[in-house]
Enquirer: 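Pasting a structure here, questions to come.
To find a chain, count down the sequence lines: A is the first, B the second, and so on, and within it residues start at 1. Hydrogens, waters and symmetry mates play no part in the numbers below; they use all other heavy atoms, side chains included.
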Amino acid sequence: MLSLRFIREHPDLVREGVAHKGDTAPVDEILRLDCERRELLAEVEALRARRNEVSQQIGRMKQKPPELIAEMRQLGDRIKELDARVDQVDADLNGLLLLVPNLPHPSVPVGLDDRDNIEVSRHGELPTFDFEPLPHWEIADRLGIADFERGVKVSGPRFYFLRGLGARLERAIIDWMLELHSREHGYLEVAAPYLVRRESMTGTGQLPKFEEDAYHCEVDDLFLIPTAEVPVTNLHRQEILDAGVLPLKYACYTACFRREAGAAGRDTRGMIRVHQFVKVELVKFTEPSTSYQELEKLLDDACDVLRRLAIPYRIVQMCTGDLGFSATMKFDPEAWLPGQDRYVEISSCSNFEDFQARRANIRYRPAPGAHPEFVHTLNGSALAVGRTLAAILENYQQADGSVAVPEVLRPYVGVDVIRGVR
RNA sequence: GGAGGGAUCGCAUAGUUGGUCUAGUGCGGCCGCCUGCUAAGCGGUUACGGGGCCUUAAAGCUCCGUCAUGGGUUCGAAUCCCAUUCCCUCCGCCA
């Protein structure tokens, strides 16, 4: 969230940023409640100071004067009344603050939606085929390495099974990516819980605004994670870190669960948009002064995966309207899918500055004895495994219907070519 | 699921017959003195959040809150009562 003080002191900046995100957060209502809150606090704190003083006096007296005690009892009632009002205003204010999106970085191009995003760069040669390249669901179906129909039978639309070398390929991708990030890019591998508390979802910004997108276990009030960002960022919730440990870099693979509310009709076939998918996620905690450098490195670590797989890709910068709720800046690497003749988002790398840190209360001490400050948090997929699998199938498909295994994955898969599975 | 124990200012602890607790002490951290250097010693300092005053700002001053969380009793709660959460031990069940 934004700091209340910042909103109070820069209301116009906030209004502008919120508008550029296409959001309608009630900034003026927040300012009004903030005023009311401070007036109430001044009043109730003065009363409390008097009560503290008189109570101490009473404590020192041998004879307790009943009229003084009666007066204090009245004062106590008044304090209780005011406290109740402060609590109410606090709760209202907090509820509203959680609905205010993070402000875009000033350098981010202003725009309405994904049509205003900027293509930053293109990498790799688009493959050419002497046959008509197929979409990955057809390739997978013909090879018998995925089973979409039975996914629907067992779990419903947007679920699928992997079989044989399909399942092994997915496992190989996960394993190889984690090795790359932990051994070469310097991330600490973690394995995280798939179910998290409401506070964790609020910490990273999924709640309260986007509850309908999440799977929720009502009896325990736990949420299935939509991304490893949630458990891994919340690792350091309510902590004060030593400056020396920053930047902290984590790599974590998890399944991710998304209801895809509002996506009806989009990407209904294949592995692109499903309710459950595997993703390797990178999460960083940095000092504020270095977070944009770290974002560049994070983006490059994600793109490195695509380069090593020799999958053509481009990098797209999100405009203000497509940044999402929590990010100040976001880049999406998109992989080329020849079977569909289009680029598809395969990663998303964001800086949240102190937005999540403030919600989750993640701080660091810049120097011994110095006051704690909020860290900056960043994350990015590297990569979405299901979409990587789809990209491999489409880019490495061969005329005879088989799929070559990318060089780097061969030791993990154990074969050079994927042929049919029965 | 059952029984019991616990949660105090970075760490370890004192404090539970309610009022000099604005929470003591040790360790650690920081600053300084001392020292050829290190250690030791000596002195000082040492949380977080919020409001106000004063400031360009920082610093400073002041008030309020926080002894797991939320309620309650009371003129006054770390201390008494209730609920909740988390942790630990034992039993049961379980991959």
Enquirer: Is rA57(B) paired to anything, Watson-Crick or G-U wobble with both distances less than 3.5 Å, and if yes, which nucleotide?
Expert: none
Enquirer: Mind checking if Arg60(A) touches a base, just sugar-phosphate, or nothing, with heavy atoms under 4.0 Å?
Expert: nothing
Enquirer: With a 3.5 Å limit on both atom pairs, tell me what rC93(B) is paired to, counting Watson-Crick and G-U wobble, or say none.
Expert: none
Enquirer: What's the gap between rG71(B) and rA77(B) when it is taken at their C1' atoms, as a whole Å value?
Expert: 14 Å
Enquirer: Evaluate the side-chain proximity of Pro372(A) to Tyr364(A): yes if any heavy-atom separation is below 4.5 Å, no if none is.
Expert: no
Enquirer: Assign the ring pair Tyr187(A) / His185(A) to parallel, tilted or perpendicular, where the plane angle (0 to 90°) is split at 30° and 60°.
Expert: perpendicular
Enquirer: Any salt bridge between Asp213(A) and Arg258(A), counting N to O under 4.0 Å?
Expert: no
Enquirer: If you measure from the C1' atom in rU45(B) to the same atom in rG52(B), how many Å do you get, rounded?
Expert: 26 Å
Enquirer: Please test Met201(A) against Val196(A) for side chain to side chain contact (heavy atoms under 4.5 Å, CB included), starting from the C-alpha separation and ending with a verdict.
Expert: CA-CA 7 Å; Met201(A) 291 285 277; Val196(A) 296; 3.8 Å; yes
Enquirer: For Ile58(A), report the nucleic acid contact type (base, sugar-phosphate, nothing); a contact means any heavy atom under 4.0 Å.
Expert: base
Enquirer: Closer to the 5' end of RNA chain B via nearest nucleotide, is it Met72(A) or Arg8(A)?
Expert: Arg8(A)
Enquirer: Determine which pairs satisfy salt bridge (Lys or Arg N to Asp or Glu O under 4.0 Å) with at least one residue from residues 20-31 of chain A, sequence neighbours left out, and list them in order.
Expert: Arg15(A)-Asp28(A), Asp23(A)-Lys209(A), Glu29(A)-Arg32(A)
Enquirer: In the strands shown, is rA7(B) matched to any nucleotide by a Watson-Crick or G-U wobble pair with both distances under 3.5 Å, and which?
Expert: rU85(B)
Enquirer: Please report the distance separating the P of rA58(B) from the corresponding atom of rC53(B), rounded so that it comes out in whole Å.
Expert: 14 Å
Enquirer: Is there a Watson-Crick or G-U wobble partner for rC67(B) with both distances under 3.5 Å, and which nucleotide is it?
Expert: none
Enquirer: Centre-to-centre under 6.0 Å for Tyr253(A) and His181(A), is that the case here?
Expert: no
Enquirer: Scan every strand shown for a Watson-Crick or G-U wobble partner of rC42(B), both distances under 3.5 Å, and answer none if you come up empty.
Expert: rG32(B)
Enquirer: Name the first nucleotide and the last nucleotide along RNA chain B (5' to 3') that come under 4.0 Å of a heavy atom in chain A.
Expert: rG19(B) to rC86(B)
Enquirer: What integer number of Å spans the P atoms of rC80(B) and rG5(B)?
Expert: 15 Å
Enquirer: Categorize Arg358(A) for me: base, sugar-phosphate, or nothing, with a 4.0 angstrom heavy-atom threshold over every strand shown.
Expert: nothing
Enquirer: When the P atoms of rA39(B) and rC27(B) are considered, how many whole Å apart are they?
Expert: 16 Å
Enquirer: Determine the Euclidean distance between corresponding P atoms of rC61(B) and rG70(B); express it in Å to zero decimal places.
Expert: 29 Å
Enquirer: On a whole-Å scale, what distance lies between the P atoms belonging to rA78(B) and rG72(B)?
Expert: 15 Å
Enquirer: Partner lookup for rU74(B), please. Criteria are Watson-Crick or G-U wobble with both distances under 3.5 angstrom; report none if nothing qualifies.
Expert: none
Enquirer: Using the P atom in both, what is the distance from rU66(B) to rC9(B), to the nearest Å?
Expert: 15 Å
Enquirer: So which nucleotide does rA12(B) pair with, by the Watson-Crick or G-U wobble rule with both distances under 3.5 Å?
Expert: rU25(B)
Enquirer: Using the rule side-chain hydrogen bond (donor to acceptor under 3.5 Å, both in side chains), only one of Arg273(A), Gln340(A), Arg158(A) pairs with Asp267(A); which is it?
Expert: Arg273(A)
Enquirer: Could you identify the nucleotide paired to rG18(B), looking across every strand shown and requiring Watson-Crick or G-U wobble geometry with both distances under 3.5 Å?
Expert: none
Enquirer: Regarding Arg365(A), tell me which of base, sugar-phosphate or nothing describes its non-hydrogen contacts under 4.0 Å with the strands shown.
Expert: sugar-phosphate
Enquirer: Kindly indicate whether the side chain of Lys284(A), heavy atoms from C-beta on, has any atom under 4.5 Å from the side chain of Asn379(A).
Expert: no
Enquirer: Between Ser55(A) and Lys80(A), which is nearer to the 5' end of RNA chain B once each is assigned its nearest nucleotide?
Expert: Ser55(A)
